[in-house]
Every structure is written in C-alpha cells, then in structure tokens.
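We use all heavy atoms of the structure for the numbers below, so side chains are in, but hydrogens, waters and symmetry mates are not. Just so you know, ligand 1 is whichever comes first in the structure, and atom 1 is the first atom listed for that ligand.
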Amino acid sequence: MMTYTNQYTTVTREALLAHVQSKMSTKRFKHVLGVEKTAIALAEKYGSSEEAASIAALIHDYAKELPMSEMKSVIETAGLNPEMLNFGSEICHGPVATELAKKDFGITSEDILNAIRYHTVGAVQMSLLEKIIFVADFIEPGRSFPGVDTARAIANQDLDEAVLFEMKHTLTYLISIEARIYPETILAYNAWVTKGKKN
Ligand SMILES: [Fe+2]
Ligand SMILES: [Fe+2]
C-alpha cells in the first residue's frame with residue numbers, strides 16, 4: 001500500500017490508520033477504508049495527488065463518533081460558527097475533524113483541510129481534491145442506497161456532474177424526511193445547479 005512522503009503529515013500511514021481506527025466502530029472504519037480506496041482511484045483518474053486523497057479520506061470521519069460535548073468544545077476553541085451545533089454531528093463532524101487533523105496529525109495543507117471540512121455539505125467553490133473526497137464518501141464500495149450505481153457511473157465520466165448528482169440526492173433525501181437543511185447546503189446546491197458543468 002501507499003507510503004507517505006511526509007509532505008502533508010507528520011505521521012506514517014500506519015500510525016494514521018491506527019489512530020483513526022481507535023476513534024470509531026469497525027463498520028465505520030471499513031467505510032473509511034472504502035472511501036480511501038475510491039478517493040485514490042478518482043485522484044489517479046482525474047490527476048490529483050493520491051497521497052493527499054489518501055490522507056483526507058482517512059481523516060474525513062475522524063470526529064464522527066465524538067460526543068457532542070467534545071464537538072462543542074472543539075468548535076468553541078477554534079472559533080467556528082456555533083450555528084452548526086444546531087444541526088448535530090452530521091454537520092459538525094467535518095469541521096471538527098479539520099481542527100483535529102491540524103492538532104493530531106500536523107496537517108497544514110489547506111486543500112486537505114478543506115476536503116475534510118466540506119466532505120458532508122460540499123461548497124460553492126470546490127477544488128479537485130474536495131470534489132474527490134465528497135464523491136468518494138458517497139460512492140465507496142460499502143454504499144448500497146438506491147441510485148448509488150448511477151452515482152458511480154457518473155463519477156467515472158464527469159466529476160462535476162457527480163458532485164451535483166450527490167447534492168441533489170442528499171437534498172431530496174433530507175426534504176423527504178422533513179429534516180432541517182443547513183444553510184450552507186442550500187448555498188452549495190444553488191451554485192452547483194447553475195454552474196456545475198462549468199465549475
Ligand atoms: Fe462524514
Ligand atoms: Fe464518510
């Protein structure tokens with residue numbers, strides 16, 4: 001498997017894996033490995049750093065099983081928008097993992113940090129790496145929702161189309177269960193539904 005060059009993180013891939021595994025259930029760790037595999041394949045296909053894709057993928061759900069009290073403390077210490085606390089761990093875990101990535105793994109690459117930060121919600125402007133992590137999280141081999149095969153096929157053809165497909169799918173789902181929508185999710189959707197192909 002991949003050996004890191006120390007360009008992006010102060011730890012080895014093995015140390016990173018062990019750390020990540022210690023923070024989550026076996027099921028979620030399997031998901032993380034699936035996201036890594038998919039992200040590396042997308043990075044190879046679309047010409048992004050496979051090492052950066054691996055690191056961002058391995059860290060993306062690092063905070064997902066953190067208690068809300070700890071998330072709150074990270075958000076307050078880092079001065080992040082406290083509004084996200086009203087939307088629960090689903091919205092908080094990306095930004096919180098970004099802060100932990102700096103502290104625990106010495107990550108300074110803004111691209112990797114943003115890929116982790118925006119992996120759930122997406123963003124109005126997204127770099128290639130951000131798109132890769134956003135899409136890999138949605139289509140990794142362990143995913144089995146209706147529409148995942150379509151999403152995989154689109155991701156293999158056009159990454160921007162895959163981002164828009166995922167945003168539409170997620171928003172439709174959230175509306176179907178009458179969930180509140182985090183405002184940034186709507187902002188991202190509005191941007192991508194009009195300029196997705198050109199982004
Ligand atoms: Fe996540
Ligand atoms: Fe995930």
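- Taking the six-membered ring where the residue is Trp, the centroids of Tyr4 and Phe105 are separated by 6.0 Å or more.
- Atoms NE2 and CD1, on His119 and Ile133 in that order, are 9.5 Å from each other to the nearest 0.5 Å.
- At least one N, O or S atom of Asp137 sits under 2.8 Å from the Fe ion (ligand 2).
- The name of the N, O or S atom in Asp61 nearest to the Fe ion (ligand 1) is OD1.
- Residue side and main chain included, His60 places no N/O/S atom under 2.8 Å of the Fe ion (ligand 1).
- No close placement of the Tyr62 and His93 rings is indicated, their centers lying 6.0 Å or farther apart.
- Here the side chains of Val32 and Met24 are in contact, with some heavy-atom distance below 4.5 Å.
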